[in-house]
Amino acid sequence: MYQQDEDKRDRRRKNGIGNYNYYKMFGCFNRKFKISDLGPPQDVIDVFRLYSTDGSEMLPDKFLLFLTEFQGEEGITIEDAQQIMDRVLDLSTSHLTRYAFTVNDFFHYLLDEINGPLKTQVHQDMTAPLQHYFIYTGHNSYLTGNQLSSDSSEVPIIRALQRGVRGIELDLWPNNARDGIHVLHGRTLTTPVTLLKCLKSIKEHAFVQSPYPVIITLEDHLTPSLQAKVAEMVTSTFGDMLYFPHPSDKNEFPSPDELKYHIILSTKPPKEYLPSKNAHKRRSSVDKDSSDDEWEDLRSNSDQDDDDDDTYSISDRSYFCPSSDRCSASSSTHRMSDILGVDYEDDDNEDEKSGHQTALEYKHLIAIHASKPKKGTRKALMDEPGKAKRLSVSEQALQRAASLYGADIVRFTQKYILRVFPKGTRVTSTNFRPLTAWMHGAQMVAFNMQGYGRSLWMMHGMFRANGGCGYVRKPDFLMHKGPNGEVFDPKATLPVKTTLKVKVYMGDGWRLDFSQTHFDAYSPPDFYTKINMRGVAVDVSKKRTRVIVDDWTPTWNEEFTFPLRVPELALLEILVQEYDVDRADFAGQTCLPVSELRPGIRVVPLHNKKGEKFKSVKLLMRFLFV
């Protein structure tokens, strides 16, 4: 790894003369900038001296002592220490014959990916019921771009699974001939992909990154006969991988450990698509004494014909169609029936009646029954013993509920699964801030994984925890009630539980991954680092380093302190930017779950805007909990 970096460095230096970078000014003369040598910060030199013999070399026993005392590593043996030293020294191909670090060897170890800020293995208890975990969840997982006109494809599904996403959403619609099934964003210009192609891709890639269960959320707009086709496709594609629900599941969800290497289906039971008797009955199902809050929730959900609120008015039907062809006359009738709560008779109803019995097979494959807040969000959050379920609400409904009756959300998520999805106006596939949902115990915060932005970085950060397996155990305080039935309140005034000290030493790798003029055509970049703490309101804090001018390898040596009341829900956001008078240029980011940080001096790899790791760009930092 380091030899490759050095080779790249040498090639870059050959572009200059004598370790200098040259930039042309106005096309007529050169500006010369000295290239900083990559060397250990003073803290690293001091630590090396502390754990070395006479300050000259560090032997395995001293290196082991450093790992256990300074880095807080557990379960490390002398053999492990020697193996790490062998990796850095590469004894098998070098002339060296003994395990001994110089200060530069020690510095190279600190910059090695094995010295990262997080554990890379699953280490949390995975035997609790599903509702005890935050679950890495996608929204409209098949879309390649925006919500209105992008292509539907199996490719974004594959990418999500390779990243560790465990919740995949598929919207199912009849094809033009109404004899097959397409996956697409209904009533838009998105192009379809076949259901079978999506299912096969899920089967092939489901457990590449994680052995824990994949939950397929189906947004079903099908007749019973087509639901029967779905049942046949699902069972034939997944075979033994498909989880068939057990009677005991009605009382409590199984655990991720029990569901390893299984595919789980979650959707509304087919009976919810049977013809309604009349619209008046549906409207009158809300209690007359319902509060104004519940009526408001009902109105906000009245235009939903599936779990998501990203459907569109029938006045737009001329160009928001459930297929790539123009909408048929019947499509407006179906949309009107969705709004009024009436299922109009048409020529297909005979097919629906004859196919209903066959569709019972489909019903029996649904392991997690889904519902939506028909009678208002607050009523939907009420306890229903003996009925394990998943409730879906929009980001607006969640924010409103959190502000008015947040404790009800926390109590609900102690027994059931809550899914929160983006509002329908996020047509460019942006995302909302997920922390409010997590603070109230929501397990499935559904995100548009094909986008980018700080909200998505926070999602990536949360699910870097627990070895990146896609399931993160919720803090105990979100799953327990107090002696008087009280639950966690994110707005409560709490004492400081711990203090995190973060020191930013230096950064490196930009000269290897970017062109010489990427940030500035006339000089090396001027980097600075932002360190932001995300979490409950009282823990939120923003810090930044000074700007290091004209240096591809900036050294800051700055320390910041973050008092934390709820470290279990805190995320450390790290953003490097290149200073510019008009607008700062992006230079790398990462987001780390504070509760999982490994103490000590660590290398922190940075990622691009989409969350893909750079080949070389990294920071050297120290984390210390006081």
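Quantities reported herein were computed from a predicted structural model and do not represent experimental measurements. The basis for the numbers below is simple: all heavy atoms, side chains too, and nothing from hydrogens, waters or symmetry mates.
Ring centroid separation for the pair H182 and W173 does not come in under the 6.0 Å cut-off. A ring-centre distance under 6.0 Å is not found for F421 and F447.
Side-chain contact between K197 and Y142 is absent, with no heavy-atom pair separated by less than 4.5 Å. Counting heavy atoms from C-beta on, the side chains of L143 and N448 never come closer than 4.5 Å. Contact check for N175 versus P192: no side-chain heavy atoms found under the 4.5 Å cut-off. The closest side-chain heavy-atom distance from D257 to Y471 is not below 4.5 Å. Side chains of L172 and L170 form a contact here, defined as non-hydrogen atoms less than 4.5 Å apart. A 4.5 Å side-chain heavy-atom check between V234 and V230 finds at least one atom pair inside the cut-off.
A donor atom on one side chain and an acceptor atom on the other are found under 3.5 Å apart for S392 and R390. Looking at Q450 and S429, their side chains do bring a donor and an acceptor atom within 3.5 Å of each other. No side-chain donor from either of S201 and E204 sits under 3.5 Å from a side-chain acceptor of the other. For Q227 and E232, the side-chain atoms include no donor-acceptor pair closer than 3.5 Å. At a cut-off of 3.5 Å, with distance as the only test, a side-chain donor of D151 or T191 sits close to an acceptor on the other residue.
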For the pair Q414 and H132, evaluate side chain to side chain donor-acceptor pair (under 3.5 Å) and give the outcome as yes or no after the intermediate values.
-> CA-CA 7 Å; Q414 290 178 348; H132 287 246; over 6 Å; no

Could you walk me through whether E395 and N431 pass the side chain to side chain donor-acceptor pair (under 3.5 Å) test, one step at a time?
-> CA-CA 10 Å; E395 61 173 285; N431 291 293; over 6 Å; no

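A salt bridge between R419 and E169 is present, with a side-chain N of the basic residue lying under 4.0 Å from a carboxylate O of the acidic one. Between K415 and D383 a salt bridge is recorded (basic side-chain N to carboxylate O distance below 4.0 Å). Ionic pairing of E573 and R454 is present here: one or more N-O contacts between side-chain nitrogen and carboxylate oxygen are shorter than 4.0 angstrom.
Summarising the geometry of F463 relative to V472, their closest heavy-atom pair is CD2-CG2, 3.8 Å, with the distance given to 0.1 Å. Between A442 and V420, the closest heavy-atom pair is CB-CG2, 4.0 Å. Between K268 and A370, the shortest heavy-atom contact is CG-O, 3.4 Å. The minimum heavy-atom distance linking A397 with V393 is given by the pair CB-CB, 4.1 Å.
Around OH of Y452, the count of heavy atoms belonging to other residues, nucleotides or ligands within 6.0 Å does not exceed 12.
A donor-acceptor pair under 3.5 Å is absent between the side-chain atoms of T377 and the main chain of P373, judged by distance alone. Side chain of Q443 to main chain of T413: a donor-acceptor pair is present (N/O by atom type, distance under 3.5 Å, no hydrogens or angles).
Put simply, the residue from R433, H139, M459 that forms a side chain to side chain contact (heavy atoms under 4.5 Å, CB included) with V445 is M459.
The side-chain tip of R473 points at the ring of Y133 from less than 6.0 angstrom away and within 45° of straight on. At least one cation-pi condition fails for K203 and F238: the charged atom is not both under 6.0 angstrom from the six-membered ring centre and inside a 45 degree cone around its axis.
By the 30° and 60° cut-offs, the orientation of the rings of Y243 relative to H262 is perpendicular.
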